[in-house]
*Asks:* 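Here you go, one structure.
Just so it is clear, the structure is predicted and the values come from calculations on it, not from any experiment. Lettering follows sequence order; numbering is per chain, from 1.
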Number of protein chains: 2
Amino acid sequence: MPAHFSTKERILDTAEALFAEHGFAGTSLRQVTGHADVNLAAVNYHFGSKDNLVTEVFRRRMDEMSRARLQQLQAAQAQAPTQLEAVLRAFIEPALALSLDRQGGGAFVRVLARAYAERNERLRRFLSDNYGHVPREFSRVLAECLPDLDRETLHWRLDFLAGALTYAMADFGLRQRGDKLDERTQSERAASELVAFAAAGLRAT
Amino acid sequence: MPAHFSTKERILDTAEALFAEHGFAGTSLRQVTGHADVNLAAVNYHFGSKDNLVTEVFRRRMDEMSRARLQQLQAAQAQAPTQLEAVLRAFIEPALALSLDRQGGGAFVRVLARAYAERNERLRRFLSDNYGHVPREFSRVLAECLPDLDRETLHWRLDFLAGALTYAMADFGLRQRGDKLDERTQSERAASELVAFAAAGLRAT
DNA sequence: GTCTATATAGAGATAGAC
DNA sequence: GTCTATCTCTATATAGAC
């Protein structure tokens, strides 16, 4: 596959694509090193274990996505502190934008969808410890946008939003294969459709 | 575990619980037969292969859920053909009701969440061939409930609903462990919250 | 219908040469 | 940093006795 990168990066790219397709348990290190055209022992040399390889695949994309979400949230609040749609865009757009990434971000969104279904304690703790502050911050800001909504109802609705976003992201790859629409157009369409849907759902009385 | 059922049923119950916890590839037949307290060879005797065991786990619950959804849809339409909330309830309630099932339906909703993340062609074709007519029928009826909504927007929003429902179902098990609320109360709360959220989202202009 | 025993293959991980 | 070779374990599946 990508032959112009280091062994470590080739392993990460290939693992990401295979994890998206076959899951974590369903992907063997032999498949990874075979497709990446590196030696079998290279995974244990560079990452120590398969578990560590999994978390490194997440770290690479989650660092970037979390940074983008918080930055866009800050920008939205600077303009209009309680504008619901702008806050939702800050949460949704960086996630869907990953689908456009040249270096395999489209595979990562499907990896992320798998992570939600996983009950793997190690992975869940890694994601919660390192990136849990992002949804918490959005939850805080959204509560300010919707002062009349009780906290419990807000939390239910945020769970629904997370589910819709995850599903939209994971399905996005399939839609692309279906029609031949421009990738950027698809992603922007998905984002604005979801912002409108979620905003109306969150405002429901 | 359930010692008062046949070997075949014990295998199905145990496989369902383990698939929910560790995924399909992550669950070995040795784990299944060990927890079910049956012989290792019994799986291949009763189901032929691991793949067949997976589809049989789905068939048992999906038959019941699809039947309940279509029946409730028919009842709703007999009363008021284009009442959006009633149609949504027919789609949502049978799915969340599975969480209450004594015989492990709570595990199955997490298995279902995993199925969405899977790209396994065999499993996808089985589900699409056998149960694809249900979402298609709901899509048709919802289009009648929302005559001013263009088809493409409707399909986006139905994808969001499917994602929110899947996520809510899968997460439901976690919530239950968190607080000590009555199971039936929890499920009914989840269903009515999602109906309100989805109805508002679908009606958004 | 259930068992033991085993065939066959593939898994993750590591030792040690280069 | 990369290789070969291999250890050890576990996987699915099946043959054949009871």
*Asks:* Would you indicate which nucleotide in C:dA11, D:dA13, D:dT2 comes nearest to any side-chain atom of A:T7?
*Replies:*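 Minimum distance to the A:T7 side chain belongs to D:dT2.
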*Asks:* Just checking B:T33: base, sugar-phosphate only, or nothing, at a heavy-atom cut-off of under 4.0 Å?
*Replies:*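 Answer is nothing: B:T33 stays at 4.0 Å or more from every strand.
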*Asks:* Could you give the CD-to-C1' distance, from A:Q31 to C:dG12, as a whole number of Å?
*Replies:*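 A:Q31 atom CD is separated from C:dG12 atom C1' by 13 Å.
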*Asks:* May I ask you to check whether B:F108 and B:F58 place their ring centers less than 6.0 Å from one another?
*Replies:*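 Between B:F58 and B:F108, which both carry aromatic rings, the centre distance is below 6.0 Å.
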*Asks:* B:H46 has an atom NE2; how far is it from atom P of C:dG1, in whole Å?
*Replies:*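 So the two atoms are 7 Å apart, to the nearest Å.
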*Asks:* Quick one: on DNA chain C, does B:A42 or A:R30 contact a more 5' nucleotide (nearest heavy atom)?
*Replies:*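 The 5'-side residue here is B:A42.
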*Asks:* Does the side chain of A:V111 reach to within under 4.5 Å of the side chain of A:R61, using non-hydrogen atoms?
*Replies:*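 Result no, sub-4.5 Å side-chain heavy-atom pair not found.
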*Asks:* Separation of B:L29 atom CG from C:dG10 atom P, in whole Å?
*Replies:*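 For the pair B:L29 CG and C:dG10 P, the rounded distance is 17 Å.
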*Asks:* Within this structure, what is the OH-to-C1' distance between B:Y45 and D:dA17, rounded to whole angstrom?
*Replies:*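 One finds 15 Å between C1' of D:dA17 and OH of B:Y45, rounded.
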*Asks:* In this structure, how many angstroms lie between the C1' atom of C:dG1 and the CG atom of B:D37, rounded?
*Replies:*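 That distance rounds to 16 Å.
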*Asks:* What's the closest nucleotide to the A:A41 side chain, out of C:dG12, D:dA15, D:dT4?
*Replies:*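 Closest nucleotide to the A:A41 side chain: D:dT4.
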*Asks:* Rounded to whole Å, how long is the line connecting atom CG of B:D51 with atom C1' of D:dA13?
*Replies:*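 For the pair B:D51 CG and D:dA13 C1', the rounded distance is 13 Å.
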*Asks:* Whole Å only: how far is the CG atom of A:L53 from the P atom of C:dA13?
*Replies:*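 Atom CG in A:L53 sits about 10 Å away from atom P in C:dA13.
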*Asks:* Nearest to the side chain of B:N44, heavy atoms from C-beta on, is which of D:dC3, C:dA13, D:dT14?
*Replies:*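 Among the listed nucleotides, the one closest to the side chain of B:N44 is D:dT14.
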*Asks:* Is there a side-chain contact between B:S28 and the phosphate of D:dT10, meaning an N or O under 4.0 Å from OP1 or OP2?
*Replies:*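 No, no such contact exists.
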*Asks:* Side chain of A:L40: nearest nucleotide among C:dC3, C:dA13, D:dT2?
*Replies:*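 For A:L40, the side-chain atoms sit closest to C:dA13.
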*Asks:* Can B:K8 be said to sit on top of B:Y45's aromatic six-ring, NZ or CZ under 6.0 Å from centre and within 45° of the ring axis?
*Replies:*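 Output no; distance or angle outside limits.
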*Asks:* Please report the distance, rounded to the nearest Å, between CG in A:N39 and P in D:dA5.
*Replies:*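 Nearest whole value for this atom pair: 11 Å.
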*Asks:* Assess whether atom CD of B:Q74 is packed by more than 12 heavy atoms of other residues, nucleotides or ligands within 6.0 Å.
*Replies:*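 No, because the 6.0 Å sphere around CD of B:Q74 holds 12 heavy atoms or fewer from other groups.
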*Asks:* Take the angle between the ring planes of B:Y116 and A:Y167 and call it parallel below 30°, perpendicular above 60°, tilted in between.
*Replies:*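 Ring orientation of B:Y116 relative to A:Y167: perpendicular.
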